[in-house]
Amino acid sequence: MNILSPVRRITSYVCLLAGIVMFVASLYMDITGVKNDARGTLLVVGVLLIIAGLYFFPTLKHHRTIINILFLFPLLFTFAVTVIIPLLLGIYYSFTDWNGIKMTKMVGFENYAKMFNQPAFIWSILLTFLFVVFNMILVNLVGFLLALLCTTKIKGLGFFRASYFLPNLIGGIVLGYIWQFIFANVVTEIFNQPWSWLANSNTAFMAIIIVYIWQYAGYIMLIYITGLTTVPRDVLEASAIDGANAIQTLFKIKIPMIASTITICTFLTLTSAFKQFDVNLALTGGKGSIPDFMGKYLSNGTEMIALNIYTTAINDRSYSLGQAKAVLFFIILATVSIIQVRISNKKEVEM
Amino acid sequence: MNREPKKSTLAIQFVIAVCIALYILFPFFLVVINSFKYNTAISEDPIGFKGASFEQFISNLDGVVNNDHFKFWNAFGTSAIITVISLVLLAMFGGMAAWVICRNNKKAWANVIYFIFIASMIIPFQVVMLPLISTFRDVGKFINISMLQSIPGIIFAYCGFGGAMTVFILNGFIKGIPFELEEAAYIDGCLPEQVFFRIIFPMLKPVIMTVTILNGMWIWNDFLLPSLMLGLNGEVKTLPVAVQAFVGSYVKDWSMILTAALLAIIPMIVVFLIGQKQIVQGMVDGAIK
């Protein structure tokens, strides 16, 4: 169809005009406070009409630009409303006395000072770091060993790979409750223990790590399998001819050759362990008693930082404090990720 | 390798593999077996078959599916609608945006947008969640359409949150499509939008598969976003939110909770059995890119 055809021209002008009228009318209603249930529909229809009008706009020269804008608009708009604006607002709110709905005044760094005076929060941070370190090592180790097992010549490899990956399909909330049942009823039954692992802070923390490995190792395994299958066959053959045994082949050839895979997996486990929330909430709810930490009794012995932010804001209704913690969480995560990427990049260059 | 591994080595490896598989699948077995039991039978014997009966399973199912907090079919439908529409929109909008960014990669604005998308992937959900709720509440009030307790609102949010990763993966793929292909179409008199929808978009099929699997796994299982937007006691619930609300209402009634868990994991396992190869491939591709 000719882009300058009269039909397009008329459609464009009509759409643009109607769209702008509707848009302005709904804004007018909103600002003047006229109660009209149709104003939302009017606004949305108006915007859609403006988009249609722009699309049909009779211009050869700028049609490309218009298409560029229209193609970028949906994603950029949703992205701005859900990520960028809340991020900026969030950073701003963390310096105010925001209560989730409105704010009255700026308080400077008060929220930040307050959170560092909370032993419970410090505990959460330390626990999160501990969790991250444990998981980065254990999930990678288990995932790698599983991958080695799944690249041997045993029968039924497809079944084993699929079953090892299976836990990864299930959401953390459901998983958390299933494992709560296992720790509370089954483990006690099997080991004939009178008390559940989840009743004690230390064992409950171990329980979270076990569940997390159970859920995540299969995924990491898949990535390692892909890495291991890219190790060239002739290199392996050459090493076999030179008389290298399995362990030498593993450490001298396979591991150095999959360095980039190791980087990816470390990064994945690092960030996902930091953000761990669902399993933490469903398995222990963050509960657990710590008799004495920084001179205080704590009841959040297994609460990691993501859950701490949630309970601060949602359960305790301290929105600005929770937001300040979230900003700190963001800074920690960004710093760690950047350092991690730097280090791995350097290592890869050296290889 | 030209030398075959020894039989005994293979046997040992096989036994180890079986043991690990048993360990990993054991929780699933427990969920299934215990959803066939009454509560007292579970506390007596949580591992074996004792006390399991089909009648009890039906009665458990009945108690769960029609429970006021769970409402399985509603939750399942809500989750399915949200996931499917979000995935379709993300694939389409993501493809459009990635194409525009990729074909203007010599221009500063495209690079700035791309950089912002990439940088935003580091942002944890916790730092935006509280202002997000208040922003959505305000926007909802402003346009007089509820954005919080509504399916469209959640779909909107998923488009925003999934956008960065989708653009990132699609962009990498579009870079590899030769520009000559498009040039020929332009010479034939195609408009840019025709070039995209008739030539580029169909070519994106394999990579859209990857982003759909990655986004799908995340959206279907996501708990925090829907729980904050919909609330645990709201009218509309996704499956994970319904499970949480249900468990909160039943104190340690394991026969009910495990039956609910079974219902919640079945859809995912069915999908996995159907598209196992693609899912595994998609998960790996997404991580490597």
Side-chain angles (χ1 to χ4, degrees), chain A residues 30 37 39-40 43 64 67-68 71-72 74-75 78-79 81-83 85-87 89-90 93 100 149 152-154 160 162-164 167 169-171 173-174 177-178 181-182 185-186 189 219 222-223 226 236-237 240 264 268 275 277-278 306 309 313 319 322-323 326-327 329-330 333-334 337, chain B residues 1-3 5 10 13-14 16-17 21 24-25 27 30-31 43 46-47 93-94 96-97 100 120 122-124 126-128 130-132 134-135 142-145 156-157 159-161 163 191-193 221 223-224 240 243-244 247 254 257-258 261 264-265 268-269 272 276 280 283-284 287-288:
Chain A
D30 207 87
D37 288 342
R39 73 167 192 271
L43 188 79
R64 232 215 148 94
I67 290 295
N68 281 354
F71 271 27
L72 281 173
L75 212 60
T78 51
F79 178 70
V81 175
T82 50
V83 181
I85 296 175
L87 178 69
L89 276 178
Y93 284 152
L149 193 61
T152 56
K153 291 184 172 159
I154 53 175
F160 290 126
S163 54
Y164 297 168
L169 295 167
I170 293 145
I173 289 292
V174 179
Y177 286 121
I178 295 175
F181 169 73
I182 294 175
N185 297 41
V186 182
E189 176 90 13
Y219 177 36
L222 286 183
I223 303 170
T226 315
L236 292 177
E237 271 170 23
I264 294 168
L268 276 176
K275 295 181 197 167
F277 175 83
D278 293 5
I309 293 169
Y319 274 80
Q323 186 57 41
V327 172
F329 179 47
F330 172 45
L333 201 61
S337 311
Chain B
M1 248 177 281
N2 44 15
R3 61 173 180 187
L10 273 181
Q13 284 168 343
F14 186 77
I16 296 173
I24 290 180
L25 297 179
L30 287 175
V31 172
S43 51
I47 303 163
F93 294 158
M96 283 158 44
V100 170
S120 80
I122 224 168
I123 299 172
Q126 274 76 14
V127 75
V128 293
L130 304 173
L132 175 84
S134 77
T135 308
F142 189 70
I143 64 171
N144 201 24
I145 297 172
F156 185 92
C159 284
F161 282 112
L191 293 171
E193 67 272 22
N221 286 328
F223 167 73
L224 195 47
V243 170
Q244 174 74 6
V247 176
W254 286 115
I257 294 173
L258 291 174
I265 61 184
M268 210 54 189
I269 292 191
F272 181 64
Q276 202 200 102
V280 166
M283 292 293 288
V284 172
I288 293 172

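Below, read A as the first sequence line, B as the second, and so on, with proteins coming before strands; counting in each chain starts at 1. Computed from heavy atoms alone, side chains included, the values below leave out hydrogens, waters and symmetry copies. Values in this document were obtained by computation on a predicted structure and should not be read as measured data.
- The shortest heavy-atom contact between B/A17 and A/I154 is CB-CD1, 3.8 Å.
- Put simply, CG on B/L25 and OH on A/Y164 are 9.0 Å apart, with the number rounded to the nearest 0.5 Å.
- Between B/V284 and A/I223, the shortest heavy-atom distance links the atoms CG2-N, 4.4 Å.
- Interatomic distance, A/L149 CG to B/I16 CD1, rounded to the nearest 0.5 Å: 6.5 Å.
- Both the backbone and the side chain of B/A261 have a heavy atom closer than 4.5 Å to some heavy atom of chain A.
- Heavy-atom pairs under 4.5 Å with chain A peak, among B/P124, B/A97, B/G163, at B/P124.
- Nearest heavy-atom pair, A/Y177 versus B/Q244, reported as atom, atom and distance to 0.1 Å: OH-OE1, 2.6 Å.
- Both the backbone and the side chain of A/N185 come within less than 4.5 Å of a heavy atom of chain B.
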Applying side-chain contact (heavy atoms from CB on, under 4.5 Å), run through B/F156 and A/V81 and close with a yes or a no. CA-CA 9 Å; B/F156 185 92; A/V81 175; 3.7 Å; yes

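- Under the 30°/60° scheme for interplanar angles, the aromatic rings of B/F14 and A/F160 are found to stand perpendicular.
- Contact record, B/P131 with A/G90: CG-CA, 3.4 Å, taken as the closest heavy-atom pair.
- When B/C159, B/A157, B/P27 are compared by the number of non-hydrogen pairs under 4.5 Å with chain A, B/P27 comes out ahead.
- Only the side chain of A/F277 comes within contact range of chain B, judged by heavy atoms closer than 4.5 Å.
- For A/T226, the part lying under 4.5 angstrom from a heavy atom of chain B is the side chain only.
- Both the backbone and the side chain of B/E193 come within contact range of chain A, each with at least one heavy atom under 4.5 Å from a heavy atom of that chain.
- With chain A as partner, the option from B/L30, B/I269, B/L132 having the largest number of non-hydrogen pairs under 4.5 angstrom is B/L132.
- The part of A/L268 that comes within reach of chain B is its side chain, from C-beta onward, which places non-hydrogen atoms under 4.5 angstrom from that chain.
- If you take CD on B/Q13 and OG1 on A/T152, they are separated by 4.5 Å, rounding to the nearest 0.5 Å.
- The two atoms that bring B/S134 and A/G100 nearest to each other are CB-O, 3.6 Å, heavy atoms only.
- Of all the listed residues (B/L258, B/V31, B/V243, B/T135), the one sharing the greatest number of non-hydrogen pairs under 4.5 Å with chain A is B/L258.
- In this structure, the portion of A/Y93 lying under 4.5 Å from any heavy atom of chain B is its side chain and not its backbone.
- The choice from A/I178, A/L222, A/L72, A/T82 that makes the most heavy-atom pairs within less than 4.5 Å of chain B is A/T82.
- Atom CZ of B/F223 sits about 4.0 Å away from atom CD1 of A/I173, to the nearest 0.5 Å.
- Going from atom CE of B/M283 over to atom CG of A/L169 covers 7.5 Å, rounded to the nearest 0.5 Å.
- Here A/I67 is the residue among A/I309, A/L89, A/I67 with the most heavy-atom pairs under 4.5 Å with chain B.
- What you find for B/I265 and A/V174 is that their closest heavy atoms are CG2-CG1, 3.7 Å.
- Interface remark: B/L130 contributes backbone and side-chain atoms alike to the contact with chain A (heavy atom separation under 4.5 Å).
- Between B/V127 and A/V327 the shortest side-chain heavy-atom distance falls below 4.5 Å.
- Residue contact with chain B, scored on non-hydrogen atoms closer than 4.5 Å, involves the side chain of A/E189 exclusively.
- A distance of 9.5 Å separates CG of A/L87 from OG of B/S120, quoted to the nearest 0.5 Å.
- With a 4.5 Å cut-off on side-chain heavy atoms, B/I47 and A/V186 count as touching.
- Considering only heavy atoms from C-beta on, A/L75 stays 4.5 Å or farther from B/M96 through its side chain.
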